[in-house]
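We count ligands from 1, going down the list as the structure has it; atoms in each ligand are counted the same way. Atom set for the values below is all heavy atoms of this structure, side chains included, hydrogens, waters and symmetry mates excluded.
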Amino acid sequence: MIVDTLRRPLRNLRLSVTDRCNLRCQYCMPEEEYVWLPREDILSFEEITRLVDVFTGLGVDKVRLTGGEPLLRKDLDRLVALLAGNPGIQDLAITTNGILLAEQAPGLRAAGLGRVTVSLDTLRPERFKALTRRDTHGRVIEGIEAVAGGGWPNLKLDTVVMRGVNDDELEDLIEYGRRLAAEVRFIEYMDVGGATAWSMNRVVSRAEMLRALERRYGRIEPLIEESSAPAERFRLPDGAVFGIIASTTSPFCRACDRSRLTADGLWYLCLYATRGIDLGQALRRGASREDLEGMIASPWRARADRGAEQRLAMAERRPLIQIGELRRDPHLEMHTRGG
Ligand code: SF4
């Protein structure tokens, strides 16, 4: 097993398959215009599969498909089938906004996808429209319910909580998740690249969320778990379990085994990293498996990234990257590196 300078193993790979998205969420893609990755740079499924194969040879055993919106990538089930054939992958999952999920879920399941996480920030269609600038809430709900009724294990619903936007829906979301046997996870609003409207005032902290939920449900118990997963899990007095991802006020960098590969093959060792390693170009120039292993193993051994912890230590926190820089290098956008 390869470990970094903080003894964190290389295990978890987030694979962005496209930088395109069919929503424009305030916390991720608030601008009118974006600079996209050149089409010819986007890796083919065969190229992605070859890179993933190198990663699994070095210890990666969890792969999550992300985007942008991954279901916008044509014939994604073909990639899923290729990855499902890799015996090193123990956990093959996807994070999606759900809009195209109802139609694609059966094919993805048949191809070997293991788990689904759907982003669901609100249960109210009008609010969804204001938050995402699209009128497709009904399709998201259809997608979630198709998965919930389709016998998939471990359906998760992820909610980015923003003050004054959806912080009055925590209870409704928990109750919705309960009805579908889905675990809801509340995510603190993060100051990642692309979150140009971020401000600390709009962050609802884990502590505040717990206080609000305790007022409604009574005493909430933390579940004690050994895990590198970002969500801390909690149990309500009636047994329902939910998660909180407190990346902004209580980062979990010390246990972070995640890295990210963009759709054009840049590999980032941290969500906040400003530079990536160009595995895609290396592959296209004919790098051997050993070359690629070296390009992955050496930087991982030297990895000291603790992006969110360093942000927390800053006296004055503003959006991470300004708009001009994001336009010059779209790799700095969260939607390019898969959140
Ligand atoms: S900020 Fe970087 S090191 Fe910290 S949890 Fe996120 S990806 Fe991992």
Side-chain angles (χ1 to χ4, degrees), residues 1-16 19 27-28 55 58-68 91 93 95 117 119 156 158-161 185-196 198 200 203 205-206 225-233 243-263 265-277 279 296-315 317-321 325-326 329-339:
M1 182 172 46
I2 297 176
V3 295
D4 71 7
T5 60
L6 299 172
R7 303 210 55 76
R8 299 171 296 187
L10 171 69
R11 283 197 65 190
N12 210 314
L13 182 66
R14 296 179 68 99
L15 203 58
S16 169
D19 58 335
Y27 55 80
C28 180
F55 276 103
L58 292 170
V60 164
D61 60 1
K62 295 181 178 181
V63 173
R64 176 170 294 273
L65 303 174
T66 68
D91 183 23
T95 296
T117 298
S119 300
K156 293 202 171 74
D158 277 2
T159 303
V160 175
V161 182
R185 305 188 312 170
F186 299 117
I187 304 174
E188 291 180 353
Y189 183 19
M190 290 177 74
D191 57 345
V192 288
T196 46
W198 184 89
M200 198 65 209
V203 176
S205 68
R206 173 184 60 188
E225 298 173 307
E226 260 302 303
S227 161
S228 69
E232 288 167 273
R233 298 170 78 227
I244 297 183
I245 302 181
S247 344
T248 303
T249 66
S250 181
F252 35 82
C253 300
R254 294 279 157 176
C256 175
D257 58 6
R258 269 173 301 286
S259 64
R260 295 169 161 82
L261 191 69
T262 61
L266 260 78
W267 183 48
Y268 286 91
L269 277 58
C270 175
L271 182 55
Y272 288 89
T274 49
R275 284 211 165 141
I277 295 163
L279 301 177
I296 295 167
S298 310
W300 190 268
R301 289 197 179 100
R303 176 181 186 248
D305 297 71
R306 298 183 300 113
E309 287 182 358
Q310 284 162 344
R311 298 289 296 164
L312 184 64
M314 291 174 76
R317 235 170 133 170
R318 286 200 298 266
L320 176 71
I321 297 166
E325 263 183 281
L326 291 167
D329 184 2
H331 292 101
L332 297 170
E333 297 272 8
M334 179 167 74
H335 70 259
T336 307
R337 58 177 70 177

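A donor-acceptor pair shorter than 3.5 Å can be found between the side chains of R64 and T95.
Listing protein N, O or S atoms at distances below 2.8 Å from atom 2 (Fe) of ligand 1, with waters left out, gives C270 SG.
In terms of heavy-atom proximity, F252 sits nearest to R258 at CE1-NH2, 3.3 Å. Nearest approach of R206 to A246, heavy atoms of both residues: CB-CB, 3.8 Å. Minimum interatomic distance between W198 and T248 (heavy atoms only, all atoms of both residues): CZ2-CG2, 4.1 Å.
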### Task
Under the side-chain contact (heavy atoms from CB on, under 4.5 Å) rule, what do D19 and T262 come out as? Steps first, then yes or no, please.
CA-CA 8 Å; D19 58 335; T262 61; over 6 Å; no

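Using a 4.0 Å cutoff on heavy atoms, R260 counts as a contact of ligand 1.
Close approach to F252 involves these atoms of ligand 1, each under 4.0 Å from a residue heavy atom: 5 (S).
Salt bridge annotation for D257-R8: absent, with no cationic side-chain nitrogen under 4.0 angstrom from a carboxylate oxygen.
Neither the backbone nor the side chain of R254 has a heavy atom within less than 4.0 Å of ligand 1.
In this structure, R254 CZ and E309 CD are separated by 5.0 Å, a value rounded to the nearest 0.5 Å.
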